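On a predicted model such as this, the values are computed, not experimentally measured, just so you know. Order of appearance sets the numbers: ligands from 1, and atoms from 1 within every ligand. FYI, the numbering just counts along the sequence from 1.
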Amino acid sequence: MVTLGIESSCDETSVALLRDGVVLSSLTHSQGEHALYGGVVPEVASRAHLEKIDGLARRVMEEAGIVPSGIDLIAVTDSPGLAGALLVGVSFALGMHAAHGIPVTGVNHLEGHICSLFIDNGGRQSAGPLLVLLASGGHTAVYKYASFGDCELLGCTVDDAAGEAFDKVGKLLGFPYPAGRAIEEEAAKAESSKRPEITFPVARFSSPGKPCCFSFSGLKTAVKNFILSKGEDYINNNRPALCSAFQKAVVDSLAGNMEAAARSLGIKTAAAAGGVACNGFLREELARRFGEGNVFFPRPSLCTDNGAMIAMAGQMMRQNSRLRFPSMDPGRGI
Ligand code: KG4
Ligand code: ZN
């Protein structure tokens, strides 16, 4: 089964072709325009999607050697996301549907991130429930994933997402948007022997009603106050140590909640998806707590927003008789 996946919910225009859970071709255009503003500007995003989507779709089909009549399903992100940005992808998908008579389904972006876990496995799913961390620029949540369609939200952030924290702290430190990767690279330069002792606090939830909740806005304020109190020279001389302390605080919170949830539910296998799951320090920490063979991740290009994960979700929706006509709902969760 060949599925065309289209993703345009935020600042990545991405189109991919999958055959039975295996990527045939995949192209992503990351919109550099937003670096100028330090964050995503919705109207700029919509216009950039409009400029790129047609060319990306043509090239993806060329690279895979597939023509529209060879496509069995079009899967397009229709929620959640920026309204104008979603509209571009959905309109393009409906245009192809109308022109070529290819069945089309709307896909929830968060479900897409979770389905990215199954792409490298060729569509096979692990046995038993899986504890999934979804950490991106827009969302941070923990799910108990039993099977497709049986995915329970255990907790999420009450304010900023983990990736948003990376981006906001990056902005304070002068890194261009998005800053997650740059912070990780800067943190890697910190030599543990020489680095000053910097630690940042992270909110913990002890109430039983919030087993896996996160909060990162206080951490951002703590970093901001630290920068103001130390002054420019100190920050310029200790940027790697500062990035390392910030990264550690975020990763401790993410991995700590995952470990606590796994223990209380008796789940042995974990996974992480979303842009923040590119982070090597987070991967190492989850592997340390769960054991090397008990945790898995999509490859980095499938962690950040991409059309392949949307195609994978579409394929799984079809296999589970859950196809639905796209209906834009920018605020819908899973
Ligand atoms: O999944 P994604 O592409 O978009 C959303 O759905 O939000 O995630 C983008 C986020 C950004 O906040 C970016 O800074 C973060 O993922 N990110 C990282 C890394 N690479 C990307 N955060 C930490 N470490 C990284 N290596
Ligand atoms: Zn995303």
Just jot down the ligand 1 atoms closer than 4.0 angstrom to any heavy atom of [X], in number order.
X: Gly138; value: 7 (O)
X: Gly163; value: 12 (O)
X: Cys303; value: 1 (O)
X: His113; value: 1 (O), 6 (O)
X: Val276; value: 16 (O), 18 (C), 22 (N)
X: His109; value: 6 (O)

ask   = Among Thr13, Thr28, Thr77, which one satisfies side chain to side chain donor-acceptor pair (under 3.5 Å) with Glu7?
value =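 Testing Glu7 for a side chain to side chain donor-acceptor pair (under 3.5 Å) against Thr13, Thr28, Thr77 leaves exactly one candidate, Thr77.
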query = Taking the minimum heavy-atom distance to atom 19 (C) of ligand 1, which of Gly275, Gly280, Ala277 ranks first?
reply =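 Among Gly275, Gly280, Ala277, the closest heavy atom to atom 19 (C) of ligand 1 comes from Gly275.
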request  = May I ask which of Ala273, Gly137, Gly170 has a heavy atom nearer to atom 7 (O) of ligand 1 than the others do?
outcome  =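 Nearest heavy atom to atom 7 (O) of ligand 1 lies in Gly137.
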Check ion pair [X]-[Y] (N to O, under 4.0 angstrom):
X: Arg289; Y: Glu285; result: yes
X: Asp72; Y: Arg318; result: no
X: Glu184; Y: Arg181; result: no
X: Glu259; Y: Arg263; result: yes
X: Arg288; Y: Glu284; result: no
X: Asp167; Y: Lys171; result: no
X: Arg59; Y: Glu62; result: no

key: Phe200 ring center near Phe246 ring center (under 6.0 Å)   = no
Protein residue, atom and distance nearest to [atom], heavy-atom basis:
atom: atom 6 (O) of ligand 1; result: Asp305 OD1, 3.1 Å
atom: atom 24 (N) of ligand 1; result: Asn279 ND2, 3.0 Å
atom: atom 26 (N) of ligand 1; result: Glu184 OE1, 2.8 Å
atom: atom 22 (N) of ligand 1; result: Gly180 CA, 3.5 Å

Selection residues 301-326 - residue pairs positive for ring-ring contact (aromatic ring centres under 6.0 Å, His included), sequence neighbours left out =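 As it turns out, the ring-ring contact (aromatic ring centres under 6.0 Å, His included) pairs with a partner in residues 301-326, which skip direct neighbours, are His97-Phe325.
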request  = Decide whether Gln247 and Asn279 meet the rule of one side-chain donor and one side-chain acceptor closer than 3.5 Å.
outcome  = yes
query = Just by distance, with hydrogens left out, do His109 and Asp78 show a side-chain donor and acceptor under 3.5 Å apart?
reply =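 Checked: His109/Asp78 side chains show no N/O donor-acceptor pair below 3.5 Å.
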Working for ring-ring contact (aromatic ring centres under 6.0 Å, His included), residues Phe296 and Phe290 = CA-CA 10 Å; Phe296 66 102; Phe290 283 85; over 10 Å; no
query = Taking non-hydrogen atoms only, is Asp167 closer than 4.0 angstrom to ligand 1 via side chain, backbone, both or neither?
reply =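 Near ligand 1, Asp167 shows its side chain, while the N, CA, C and O stay back.
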ask   = So which bit of His139 gets within less than 4.0 Å of ligand 1, heavy atoms only: side chain, backbone, both or neither?
value = neither
ask   = Do any N/O atoms on Cys278 end up under 3.5 angstrom from N/O atoms on ligand 1?
value =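 Among all N and O atoms of Cys278, none is under 3.5 Å from an N or O of ligand 1.
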ask   = How many protein atoms of type N/O/S are positioned less than 2.8 Å from the Zn ion (ligand 2)?
value =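 If we list every protein N, O or S atom nearer than 2.8 Å to the Zn ion (ligand 2), we get 3.
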